[in-house]
Q: 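Quick one: this structure, given as C-alpha cells, is what I'll be asking you about.
These numbers were taken from a predicted model, which means no experiment stands behind them. Naming: A, B, ... by sequence-line order, numbering from 1 per chain.
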Amino acid sequence: MTSLVYLDYASVFVFALTGALVASRAQLDIVGFIFIACLTAVGGGTVRDVLLARPVFWMEEPTFIMVASVAAFIVFFTAHLLESRYRSILWIDALALAVAVPAGVAAAVSMESTWPIVLIMGVSTGCFGGLMRDVVCNEVPLVLKQGELYVTCAFTGAGAAVGLLALGQPLSIALLGCAVVTLALRTGSIAFSWSLPVYKSRPPRV
Amino acid sequence: MTSLVYLDYASVFVFALTGALVASRAQLDIVGFIFIACLTAVGGGTVRDVLLARPVFWMEEPTFIMVASVAAFIVFFTAHLLESRYRSILWIDALALAVAVPAGVAAAVSMESTWPIVLIMGVSTGCFGGLMRDVVCNEVPLVLKQGELYVTCAFTGAGAAVGLLALGQPLSIALLGCAVVTLALRTGSIAFSWSLPVYKSRPPRV
Amino acid sequence: MTSLVYLDYASVFVFALTGALVASRAQLDIVGFIFIACLTAVGGGTVRDVLLARPVFWMEEPTFIMVASVAAFIVFFTAHLLESRYRSILWIDALALAVAVPAGVAAAVSMESTWPIVLIMGVSTGCFGGLMRDVVCNEVPLVLKQGELYVTCAFTGAGAAVGLLALGQPLSIALLGCAVVTLALRTGSIAFSWSLPVYKSRPPRV
C-alpha cells in the first residue's frame, strides 16, 4: 500500500505546480499561490473521498498540504524563468492527470467498488482539481478545450486499468498501464493535436 | 418506493439532455458530452445526498450513469436537427426541474426531515445540477437570468409539496402537485415572461 | 459553547448581507436574493462540516436559513439607499470574514483537530462562501483581487488563534484574537491598500 501513498503525494505535488502557475497568470501574492495550489492539488481527491464516503485523505495526513505549499513557493520564485507559463501548465497538467487517474482508480479498488465506480473515480480524481482551479481563476477549463483530448484521456486510462484488472493482472500493473495510457494520449493530444470529432451544428444555427 | 426510483431516473435522463445540449454549444467531443451530461444529471442529487449524509444515489446504482450517457449519445447525433438548441435547453431544463424538485422532496421526506429541510432539498436538487453545468461551461446560469422565474419555481413547487403533506395528503399526491406547480410556473415564465419584480438601483448608482 | 453558536449566527447573517448585495448587482428578484444569500451564508461552513465529516450545521438547525433570508429581505428593500453597493460589499464582507474564520477555528478545535487542520478550517470557512457567491454570480472572486490581502487575512487570523492556543490561552481569547487580526488586516487592506508583493512576470512573457 505504501506505493499508493507515493502516488497521492506525486499527484498533489504536480497538480499544485499547475495551480501555482495559474495563480501566477492571475498575479496573486504568495498566500494566493498557496491557496490555489492547495485547491487544485487536493480538489479531485476530495471529491473522490466525499463520494466514496471515506475520510478526506489530506485531513488525515496534513503533510499533503505542506507538499502543495512547497510547490507554490517553488513556482512563486521560479516561474519567471519559464519560456511560456501557459505551455508549462499544459504539460505539467498532463503529468498530473497521469498520476491522479491511477490514484483515483486505486482508491476505488481499495474499497472494492464495482468497475463503473472505479472508472468514474479515476475520471473524477483526475479532472475535478483542475476544473476547480480553472473555474475559480476564470480560465477556460481544460476539460472544455476544443480539439483536444482531456476527459477522454482520463476515461481511457481508467478503462485500461479496469481492463487489466479484469484480465487478472495485479493492481500495480493495472495502475502503471492506466498512467501510461493517460499520459500517452494526453501528451499526444497536446503535441500532435490528436482529437476526436467534435460536435458541429450546421452553420446558421445557434 | 419504486415510483420514486423512476422519478430519479427521469430527472437524470432529462437533465443529461440539457447538459449534452450545453456541451454541443461548447463544441465538445462525445466524451465531453458524456462528462457534462453526467455532471448535470447527478450534480443536484449528489449535493442533496451529501447534505443529508446518505450514500450518493448513483454510487449505489451506476445505471444512472449509463442513462445519462445514453442521453449524451442521443444529443450528440441528433442535436443538429433542432431548430434552436438554446430554446430546447430552456424547455427541457424546465421539464428536468419539474422532475428533480419532487425527487429532492421525496428524498428528504423519506429521511423524515423537518419541513424547512424538505423545502431546501427540493430547491437544491432542482437547481444545483443546472448551476454546475452553467458554471463549468461558462454559460450565464439560468438561476441568474433576469426577468424569468427559476429558483422561484423550485421554491414554490417544493412549498406546494410541503403544504399538501401538511394537509394530510399522501406523498404521491404531494409530489404530483409539486411537479405540476413547478412545471406550470417555469413554462409560464418562459412562454409568457412571467416574473417577479427585480431589484433596480436608482440609475446613477453602481 | 453557546457563544460559539452566536458566532455561527453572526457569520451567517453578515455573509448573507454580502450575498444579497451581489444579487442586487445581478438584478435578481427576491427569491434570487434569498438563494444567493443562503449560498453565501452557509457555503463556507458547509464545506467545513463536509470535510470534518460532521453533520452540516444548518441541516440540524434551519433557523440559520431563516436568518439568511431575513438578511436578503433587508437588502432587497434598502440596498438602493447605499452610496455604493460595491464598497458596501467589500466592507461587510470584511466583517463576515472576521466572524467566519473564528467560527471555522472553533469547529475544528471542538473536534480536537491538529493545528494544521485548525488553520485550514479557519481559512476554508472564511473563504468558500464568498468564493461560491462570486463564481455563481460571475463577479471576479475577492480571493483573486490583485493588490489586496484576502486569503492572507484569513490565514493570519487563523494562525493567531493557533498561536494563542499554543501559548495556553483559553479558546475565547484565541477566537477574539483571531477575529481582531483578521478584521484589522482586511480593513487595513481595503482602506490603506496594504498588500504583499504579487507575482510579476517579465513584461514580454505570457
Q: Looking at CG of B/Asn138 and CG of A/Leu144, how far apart are the two atoms once the value is rounded to the nearest 0.5 Å?
A: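 Output value for this atom pair is 7.0 Å.
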Q: When the ring planes of A/Phe76 and A/Phe33 are compared, do they come out parallel, tilted or perpendicular, using 30° and 60° as the limits?
A: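 Because their plane-to-plane angle is over 60°, the rings of A/Phe76 and A/Phe33 count as perpendicular.
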Q: Of all of B/Val56, B/Leu28, B/Ile36, which one pairs up most often with chain A through heavy atoms under 4.5 Å apart?
A: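 Max contact count across the listed options: B/Leu28.
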Q: Side chain from CB out, backbone as N, CA, C, O: work out which of these in A/Ile117 comes under 4.5 Å of a heavy atom of chain B, or both, or neither.
A: side chain
Q: Could you name the residues of residues 87-99 of chain B that have a heavy atom within less than 4.5 Å of a heavy atom in chain A?
A: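 Hits under 4.5 Å: none found.
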Q: Report the distance from atom OG of A/Ser113 to atom CE of B/Met59, rounding to the nearest 0.5 Å.
A: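 These two atoms lie 5.5 Å from each other.
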Q: Does anything in residues 37-55 of chain A reach chain B? List residues with heavy atoms under 4.5 Å apart, or say none.
A: A/Val50, A/Leu51, A/Leu52
Q: Counting only N and O atoms by type, is there a donor-acceptor contact under 3.5 Å from the side chain of A/Ser110 to the main-chain atoms of A/Ala107?
A: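 Yes; judged by distance alone, with no hydrogens or angles, the pair exists.
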Q: Which pair of heavy atoms, one from A/Arg186 and one from A/Leu142, lies closest together, and at what distance?
A: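 Between these two residues, the closest heavy atoms are NH2-CD2, 4.4 Å.
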Q: Quick check for you: to the nearest 0.5 Å, what is the distance between A/Leu185 atom CG and A/Tyr150 atom OH?
A: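 Going from CG on A/Leu185 over to OH on A/Tyr150, the span is 13.0 Å.
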Q: I'd like to know whether CH2 of B/Trp194 has more than 12 heavy-atom contacts from other residues, nucleotides or ligands below 6.0 angstrom.
A: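 Enclosed: over 12 neighbouring heavy atoms sit under 6.0 Å from CH2 of B/Trp194.
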Q: Report, in residue-number order, which members of residues 121-132 of chain A are under 4.5 Å from chain B by heavy-atom distance.
A: A/Met121, A/Val123, A/Cys127, A/Phe128, A/Leu131
Q: Heavy-atom distance under 4.5 Å to chain A: side chain of B/Phe35, backbone, both or neither?
A: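 Side chain of B/Phe35 only, per the 4.5 Å heavy-atom cut-off to chain A.
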Q: Does any backbone or side-chain atom of A/Pro116 lie under 4.5 Å from a heavy atom of chain B? Answer side chain, backbone, both or neither.
A: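 Just the side chain, heavy atoms under 4.5 Å.
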Q: Say you draw a straight line from CZ of A/Phe57 to OH of A/Tyr9; how long is it, rounded to the nearest 0.5 Å?
A: 9.5 Å
Q: Not counting sequence neighbours, list each pair that qualifies as a salt bridge (Lys or Arg N to Asp or Glu O under 4.0 Å) and has a residue in residues 34-47 of chain B.
A: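 Pairs touching residues 34-47 of chain B that pass the test: none.
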Q: How long is the span from the CZ atom in A/Phe155 to the CG atom in A/Leu119, to the nearest 0.5 Å?
A: 5.5 Å
Q: Could you go through A/Thr156 and A/Thr152, starting from their C-alpha distance and side-chain angles, then the distance that decides it, and tell me whether this counts as side-chain contact (heavy atoms from CB on, under 4.5 Å)?
A: CA-CA 6 Å; A/Thr156 314; A/Thr152 308; 4.0 Å; yes
Q: Heavy atoms only: give me the nearest B/Leu164-B/Gly177 pair and the separation to one decimal.
A: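 B/Leu164 and B/Gly177 have their closest heavy atoms at CD1-CA, 4.0 Å.
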Q: Are B/Val140 and B/Asp134 side-chain neighbours, meaning at least one heavy-atom pair lies under 4.5 Å?
A: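 No, side chains not in contact.
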Q: Is the closest basic N to carboxylate O distance between A/Arg25 and A/Glu139 below 4.0 Å?
A: yes
Q: Find the distance between CG (A/Leu171) and SG (A/Cys178) and round it off to the nearest 0.5 Å.
A: 10.0 Å
Q: Heavy-atom distances under 4.5 Å only: say whether A/Val135 touches chain B with side chain, backbone, both or neither.
A: side chain
